[in-house]
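Below is one structure, written out as structure tokens; the observations come after it.
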Protein chains: 2
Amino acid sequence: MSVANRFLSNATNRIDAKGRVSVPSVFRSVLARTATEELYVYQDFVFPAISVAGPEVLDRFERMIGLQDPFSPEANKMSLLIHGGGVFMKLDGEGRLMMTDFIRDFTGITDRVTFAGRGDHFQLWEPSAFETMQQQARKERMRGTPPPA
Amino acid sequence: MSVANRFLSNATNRIDAKGRVSVPSVFRSVLARTATEELYVYQDFVFPAISVAGPEVLDRFERMIGLQDPFSPEANKMSLLIHGGGVFMKLDGEGRLMMTDFIRDFTGITDRVTFAGRGDHFQLWEPSAFETMQQQARKERMRGTPPPA
DNA sequence: TGGGCCTATATGGGCGTCAATGGGAAATGG
DNA sequence: CCATTTCCCATTGACGCCCATATAGGCCCA
């Protein structure tokens with residue numbers, strides 16, 4: 001992947017009176033370069049965060065399910081997450097995203113959103129939850145893993 | 001690595017009214033010699049400092065993640081640090097770097113920045129924090145480490 | 001070796017463009 | 001018909017790109 005086509009960094013933006021929030025311009029640039037109009041927005045499997053990616057991520061998830069027995073509990077649970085826990089959305093003309101209850105209930109987001117790059121996608125976090133989780137990750141990292149050379 | 005292509009020494013520069021600060025010329029020379037235009041700027045894992053390196057450092061981090069189960073909490077937390085805690089930046093025409101909130105909030109930097117060479121990368125510190133950390137490092141240094149041959 | 005010149009570094013600021021945000025009004029749909 | 005949502009347009013502050021200036025340090029020459 002090109003250097004520039006990765007979602008990096010974090011930024012916190014305000015939600016306006018109509019429930020809209022501007023997606024940071026660095027992230028919009030990546031979406032533009034990869035010609036991504038439709039956004040697959042899903043409840044993250046690990047964190048209390050909403051993940052935003054292109055439709056190809058949903059395709060990948062569905063292929064993973066396809067490899068399993070369709071009647072197995074695992075395949076059913078996975079479908080429940082990626083289909084029931086996901087939705088397609090679009091940005092408005094100014095590059096803003098609507099903060100629906102689907103997003104708010106899962107994240108605890110109220111009036112501000114922290115956008116966090118994750119390489120091939122980005123996430124929406126309740127600001128203090130993001131702060132807390134990042135600090136915890138940093139703490140745990142000092143155990144066992146060698147620091148960067 | 002060539003003798004000259006290492007980041008050495010430290011210097012403190014002023015931040016101007018627009019939030020810009022000149023990267024010391026010795027560091028810019030190293031970047032020029034290694035043909036590094038895009039800078040991978042990330043929140044350090046150990047210190048309250050910002051680390052600045054070439055894109056190859058991000059590549060190395062991503063390879064470490066690639067070895068793990070993508071759905072594991074460990075891999076996700078690591079991505080939270082290297083993707084969510086990192087950003088690509090460029091110097092302006094005069095070799096200055098913009099001190100964004102991404103940098104200020106993490107380091108406590110307000111009006112001055114201490115640049116510290118770290119061999120294959122350099123760091124941005126709040127001056128007094130650097131002072132303190134360096135003194136402490138001197139005191140605790142090399143306990144258990146054999147002297148150089 | 002001392003002095004002066006000269007270039008590069010660090011820093012300041014103008015100005016145009018774009019991003020983030022706010023709000024009105026039309027369109028949608030339940 | 002009312003409550004949202006969508007589509008515009010406006011505002012303000014931040015940022016990128018450009019040029020200006022002072023000073024320190026290097027360099028040359030006497």
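Each chain gets a letter, A, B and so on, in the order the sequences are listed, and its residues count up from 1.
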Taking N or O atoms only and anything under 3.5 Å, show me the protein contacts with nucleotides 23-29 of chain C, one pair per line.
unit_1 : atom_1 : unit_2  : atom_2 : d
C:dG23 : N7     : A:Arg20 : NH2    : 3.0
C:dG23 : O6     : A:Arg20 : NH1    : 2.9
C:dG23 : O6     : A:Arg20 : NH2    : 3.4
C:dG24 : O6     : A:Lys18 : NZ     : 2.2
C:dA25 : N6     : A:Lys18 : NZ     : 3.4

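Note: B:Arg33 CZ to B:Arg28 CZ = 12.5 Å, rounded to the nearest 0.5 Å.
A heavy atom lying under 4.0 Å from DNA chain C marks none of the residues of residues 110-118 of chain A.
In this structure, CG of B:Asp92 is placed 12 Å from C1' of C:dG12, rounded to the nearest angstrom. Summarising the geometry, the separation between CG on B:Leu97 and C1' on C:dA10 is reported as 15 Å, rounded to the nearest angstrom. Computed from coordinates, the B:Arg14 CZ to C:dT9 C1' distance equals 13 Å when rounded to whole Å. One interatomic measurement links the two molecules: CG of B:Asn13 to P of D:dA24, which rounds to 14 Å at whole-angstrom precision. Residue A:Arg28 contributes atom CZ, which lies 7 Å from atom C1' of C:dA19 at whole-angstrom precision. Atom CD1 in A:Ile15 sits about 15 Å away from atom C1' in C:dG22, given to the nearest Å. When rounded to the nearest whole Å, the span between CZ of B:Phe102 and P of D:dC15 equals 14 Å.
At the heavy-atom level, A:Ser25 lies under 4.0 Å from the strands shown only through sugar-phosphate atoms. Residue-level contact check: B:Val23 touches the backbone only, with heavy atoms under 4.0 Å from sugar-phosphate atoms and none from bases.
A donor atom on one side chain and an acceptor atom on the other are not found under 3.5 Å apart for A:Thr114 and A:Asn10. Looking only at atom types and distance, the side chain of A:Thr36 has no donor-acceptor partner in the side chain of A:Glu38 under 3.5 Å away.
Between A:Asp92 and A:Lys18 there is no salt bridge, since no side-chain nitrogen of the basic residue lies less than 4.0 Å from a carboxylate oxygen of the acidic one.
Environment of CD in A:Glu37: sparse, with no more than 12 heavy atoms of neighbouring residues, nucleotides or ligands closer than 6.0 Å.
Checked against side chain to side chain donor-acceptor pair (under 3.5 Å), A:Asn13 has no partners two or more places apart in sequence or in another chain. Residues satisfying the side chain to side chain donor-acceptor pair (under 3.5 Å) test with A:His121, not counting sequence neighbours, are none. For B:Glu131, there are no salt bridge (Lys or Arg N to Asp or Glu O under 4.0 Å) partners two or more places apart in sequence or in a different chain.
Pairs engaging residues 100-113 of chain A under the side chain to side chain donor-acceptor pair (under 3.5 Å) rule: none recorded [sequence neighbours left out].
Of the residues near DNA chain D, A:Leu91 and B:Met98, the one whose nearest nucleotide (by heavy atom distance) lies more toward the 5' end is A:Leu91.
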